[in-house]
Amino acid sequence: MIKITLPDGSVREVETGTTAAQIAADIGPGLAKAALAVRIDGEVRDIMRPLDVDTELALITSRDEEEALELARHDFAHVLAEAVQKLHPGTQITFGPSTDDGFYYDFAPAGDPFTDDDLPKIEEEMRRIIKADKPLRREVWERNDLIALWEKDGEKFKAEWAAELPEGDEISVYWSGDDWMDMCRGPHLPSTGKLDPQAFQLTRVSGAYWRGDQRNPQLSRIYGTGWLNKKQLKAHLVRLEEAAKRDHRKLGQEMDLFHFQPEAQGSVFWHSQGYIMWRELEAYMRRKLDGADYKEVKTPQIMDARQWEASGHWGKYRENMFVVPDEVPSVDDDAPVISADADMMALKPMNCPAHVLIFRQGIKSYRDLPMRMAEFGCCHRNEPHGALHGLLRVRQFTQDDAHIFCREDQIVDEVRHFCDLLDRVYKDLGFESYAIKLALRPEQRFGTDEMWDKAEQNLRDAVHEAGRAGEEYQWEELSGEGAFYSPKLEFHLTDAIGRTWQCGTIQLDYVLPERLDASYIGEDGARHRPVMLHRAILGTFERFLGIMIEHHAGRMPTWLAPTQAVVATIVTDANEYAEKVTEQLKAAGIRVEADLRNEKINYKVREHSLAKVPNILVVGMREAEEGKVALRKLGQKEQLFLTVDEAVTMLKGEALAPDLKEA
RNA sequence: GCUGCUGUAGCUCAGUGGUAGAGCGCGUCAUUGGUAAUGACGAGGUCGGGAGUUCAAUUCUCCCUAGCAGCACCA
């Protein structure tokens with residue numbers, strides 16, 4: 001007999017080997033039907049697994065949404081694999097985990113990879129398997145027997161995986177009915193019928209490398225989204241539609257902000273409307289940096305390759321750099337334009353080496369530290385084609401970059417101040433919440449372990465001292481994610497629809513000052529190495545503006561809106577008055593347009609609303625006679641009936657950047 | 001870079017082995033209207049580029065190129 005403690009504190013004595021399913025049935029038939037799995041001493045397990053020791057036990061039902069979703073998605077993945085092997089014999093199975101919104105499974109097809117056209121049939125087969133309500137039964141195998149089985153079945157990937165588990169290990173497999181099985185740690189639902197056949201959808205196919213490594217064979221991955229019921233699935237699909245509506249690439253075109261074209265793939269053509277946003281954001285950042293005692297510099301776009309060799313970037317990132325021959329191109333039509341032995345230069349992929357070169361000019365004293373050197377640095381990186389993505393991943397970009405040269409004992413203060421500055425900026429820009437992570441040393445790196453110990457600890461200390469190492473900031477440490485020369489703090493902000501974006505970073509670097517020989521004279525009269533903090537708040541203007549556009553769904557706050565107001569007339573007799581109003585707003589610094597076209601007011605309101613102009617000032621004869629305007633805010637139906645002076649004052653206030661509003 | 005899909009008018013997209021169509025936008029004219037589409041007429045395309053198959057290719061095949069979704073990469 002064993003003792004089972006239930007969540008309400010009650011204790012039941014049952015036979016050894018009793019299953020949680022039996023206990024659920026004992027409690028009541030409703031629970032028996034609803035029970036999906038069981039939590040035993042904190043671990044989620046199958047409901048059919050026999051219990052053999054005294055335990056605390058909690059039954060999981062669909063009300064425990066997080067666990068239930070995880071179970072369902074994992075099971076959907078298995079059902080997907082079963083369906084694919086049924087329809088496409090000879091397909092090898094590999095892995096199929098759950099994801100944030102569903103599941104996927106990676107296959108090695110016998111012939112061509114799967115295409116979208118294969119999905120409907122597979123979905124149909126999955127529904128058949130679910131409706132058949134096949135029991136999912138756990139079984140424990142001896143490792144070598146299982147390897148032999150996989151090899152016999154031609155499942156090379158499964159055999160390889162099993163062979164890497166420790167010799168003599170017992171491995172669990174799950175049977176779906178009696179005719180299909182997969183190696184899996186579990187847990188699983190008691191049967192396929194616990195899944196809702198209307199709560200999933202196969203969404204796409206893609207390639208994926210075996211075990212995530214580019215050198216391995218490429219598998220064919222099928223993605224699905226999976227939920228507990230049809231309603232959840234539908235809500236998810238609506239969310240996807242919402243996200244698609246605010247796609248910055250779509251809005252960029254609709255709002256005439258920027259475009260891309262093949263002649264400069266991956267680089268942005270900013271249109272005047274979009275560039276206004278950039279200029280406002282840049283002006284804001286410049287004020288913040290000036291206020292925080294940064295010194296702005298501007299450094300060369302192209303430098304000798306030797307400089308990149310010295311910094312270490314040439315060796316590690318050359319394939320992503322734009323190389324420029326330091327040579328006069330041949331004018332001879334028959335000769336190659338560039339000779340084979342031309343000296344090489346490269347477009348800068350980052351600003352740090354140039355900043356070190358400025359630092360090295362003249363002799364620096366400890367009194368000069370900390371030295372905060374900022375640059376809105378335009379960089380180029382030859383990103384792989386498949387990586388390019390609208391404004392979010394481009395080949396030419398401008399960072400809000402800065403490097404702080406300081407003594408070791410100044411690090412914590414500097415990092416703390418940076419955290420405060422970044423906090424202010426994110427809040428000003430409309431992002432209320434963000435997460436902080438510490439990315440630790442990667443496998444391939446420069447510098448000694450001692451350096452890394454120090455660097456990591458300093459960053460950790462600074463975040464703690466800044467009081468930001470808590471739950472509110474989802475503080476965590478990520479192993480292996482650091483840059484090759486330094487650990488970094490990462491700042492991930494959360495947008496209006498809950499997505500997260502890594503933007504800010506600060507990296508504590510002992511390596512570059514050493515490699516590029518930066519030094520200062522200390523109080524003791526001797527030369528010392530400064531440390532270097534690489535930091536950015538926005539990351540890049542391109543990417544950040546992309547995120548801002550999506551965050552606001554194109555409805556930018558007035559200070560960033562390309563056109564802040566439109567004065568729209570109802571009749572041509574009001575044109576003269578409308579122009580006068582427009583002039584007054586312009587004189588107050590508002591970006592305003594007059595819309596005097598011979599169109600109905602409905603049409604004008606609709607058009608400017610779709611263009612996401614935050615203020616529409618409607619004027620007809622009534623307003624002209626009374627010296628007023630009818631102000632309609634974007635997205636609102638009501639209008640304010642104001643005098644021109646009132647409207648000017650109001651819009652002037654709204655058009656101020658957040659840092660200027662406080663003053 | 002890898003896998004799959006896509007590329008037709010400024011935009012969104014139909015369509016076809018016999019060199020093309022819609023809506024919006026644009027232009028002209030009429031209309032002077034009170035808060036999310038006034039009407040009529042008109043102009044716009046070597047159907048991403050190259051090669052092949054064919055009497056004939058925007059349509060079928062191959063290559064290239066760009067975009068999209070993933071993967072890998074992201075100093």
Side-chain angles (χ1 to χ4, degrees), chain A residues 99 104 106 109 112-119 203-223 247 249-250 253-254 256 259-263 265-266 308 311-321 348-353 379 381-390 392-395 397 399 442 445-446 481-486 488 502 505 507 509 511-512 534 539 543 568-575 597-611 616-623 630-632 634-639:
Chain A
T99 63
Y104 66 78
D106 285 346
D112 288 334
F114 298 112
T115 71
D116 290 336
D117 299 337
D118 296 318
L119 299 184
T203 48
R204 56 181 173 258
V205 295
S206 91
Y209 300 103
W210 167 236
R211 311 177 82 166
D213 191 326
Q214 203 170 171
R215 289 163 300 192
N216 288 339
Q218 188 158 41
L219 305 170
S220 184
R221 175 175 295 180
I222 298 180
Y223 278 95
D247 188 312
R249 291 166 298 184
K250 182 170 163 306
Q253 186 177 65
E254 287 172 5
D256 193 19
H259 86 274
F260 293 91
Q261 66 180 64
E263 286 74 6
Q265 54 160 306
W308 302 111
S311 69
H313 294 97
W314 188 257
K316 197 153 167 44
Y317 290 109
R318 186 167 64 229
E319 62 179 342
N320 291 318
M321 286 168 71
K348 69 173 169 185
M350 42 155 35
N351 309 297
C352 13
C379 297
R381 293 180 189 173
N382 197 348
E383 301 285 6
H385 290 73
L388 301 174
H389 184 97
L392 302 182
R393 188 84 178 265
V394 288
R395 303 215 288 190
F397 53 86
Q399 298 173 315
R445 57 180 182 261
F446 290 166
E481 300 275 311
F484 72 92
Y485 51 78
S486 80
K488 55 184 180 185
Q502 194 212 311
T505 181
Q507 310 168 2
D509 179 9
V511 175
L512 261 193
H534 307 245
R543 184 174 140 89
T569 50
I570 296 169
V571 291
T572 40
D573 286 346
N575 282 6
R597 291 175 303 170
N598 175 11
E599 297 290 351
K600 292 195 170 170
I601 192 60
N602 287 18
Y603 181 87
K604 294 184 183 181
V605 166
R606 176 182 149 84
E607 198 175 78
H608 299 302
S609 297
L610 288 175
I616 301 173
L617 290 80
V618 177
V619 299
M621 289 321 289
R622 209 150 68 210
E623 287 76 11
L631 172 60
R632 179 185 165 125
L634 178 57
Q636 291 175 15
K637 263 216 118 83
E638 316 79 68
Q639 45 183 330

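Every chain is numbered from 1, with letters handed out A, B, ... down the list of sequences.
Distance noted for atom P between B/rU54 and B/rC73: 47 Å (whole Å). As rounded to the nearest Å, B/rC47 and B/rU28 have P atoms that lie 29 Å from one another. To the nearest whole angstrom, the two P atoms, one in B/rG42 and one in B/rG21, are 14 Å apart. To the nearest whole angstrom, the two C1' atoms, one in B/rC55 and one in B/rC29, are 48 Å apart. Distance noted for atom C1' between B/rG67 and B/rU12: 16 Å (whole Å). The same atom, P, is picked in B/rG52 and in B/rG15; the two are 29 Å apart, to the nearest Å.
Contact of A/Ser220 with B/rU3 (side chain to base): no donor-acceptor pair of N or O atoms is detected under 3.5 Å. Within 3.5 Å, no donor on the side chain of A/Glu607 pairs with an acceptor on the base of B/rG25, nor the reverse.
Dashed line: the shortest gap from a side-chain N or O of A/Lys250 to OP1 or OP2 of B/rU12 is not under 4.0 Å. Phosphate contact (OP1/OP2 of B/rG10, side-chain N/O of A/Gln253, threshold under 4.0 Å): absent. Side-chain N/O atoms of A/Arg632 include one lying less than 4.0 angstrom from OP1 or OP2 on B/rA36. Between B/rG25 and A/Tyr603, a contact under 4.0 Å exists linking OP1 or OP2 to a side-chain N or O.
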- Task: Using a 3.5 Å limit on both pairing distances, list the dot-bracket string of RNA chain B from the 5' end; Watson-Crick and G-U wobble pairs count, crossing pairs take [ ], interstrand pairs take |.
- Result: (((((((..((((....[..)))).(((((.......))))).....(((((..]....))))))))))))....

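Between A/Ser486 and A/Val511 the shortest side-chain heavy-atom distance does not fall below 4.5 Å.
Along RNA chain B, the nucleotide nearest A/Lys637 and the nucleotide nearest A/Asp112 are compared for position; the residue whose nucleotide lies closer to the 5' end is A/Asp112. Mapping A/Pro113 and A/Val619 onto RNA chain B via the closest heavy atom, the residue that lands nearer the 5' end is A/Pro113.
One atom, CG of A/Leu634, and another, C1' of B/rU35, lie 13 Å apart when rounded to the nearest Å. Note: NE2 (A/His259) to P (B/rA66) measures 16 Å, nearest angstrom. In this structure, CD1 of A/Ile601 is placed 9 Å from P of B/rU35, rounded to the nearest angstrom. As a whole-Å value, the separation of A/Glu599 CD from B/rA40 C1' is 14 Å. Taking atom CZ on A/Arg597 and atom P on B/rG34, their separation rounds to 18 Å, with Å as the unit.
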- Protein heavy-atom contacts under 4.0 Å, written 5' to 3' over nucleotides 67-75 of chain B as B (base), S (sugar-phosphate only) or - (none), form the string SSSBBBBBB

- Task: Decide yes or no on salt bridge (charged side-chain N to carboxylate O under 4.0 Å, His left out) for A/Asp247 and A/Arg249, but give the supporting numbers first.
- Result: CA-CA 5 Å; A/Asp247 188 312; A/Arg249 291 166 298 184; 2.6 Å; yes

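Nucleic acid contact for A/Ile616: none, since no nucleic acid atom lies under 4.0 Å from a heavy atom of the residue. Using a 4.0 Å heavy-atom distance criterion, A/Thr115 is classed as a sugar-phosphate-only contact. A/Glu638 comes within 4.0 angstrom of nothing in the nucleic acid, heavy atoms only. Residue A/Ala630 is in base contact, counting any heavy-atom pair closer than 4.0 Å across all strands shown.
For A/Tyr485 and A/Phe446, the ring centers are positioned 6.0 Å apart or more.
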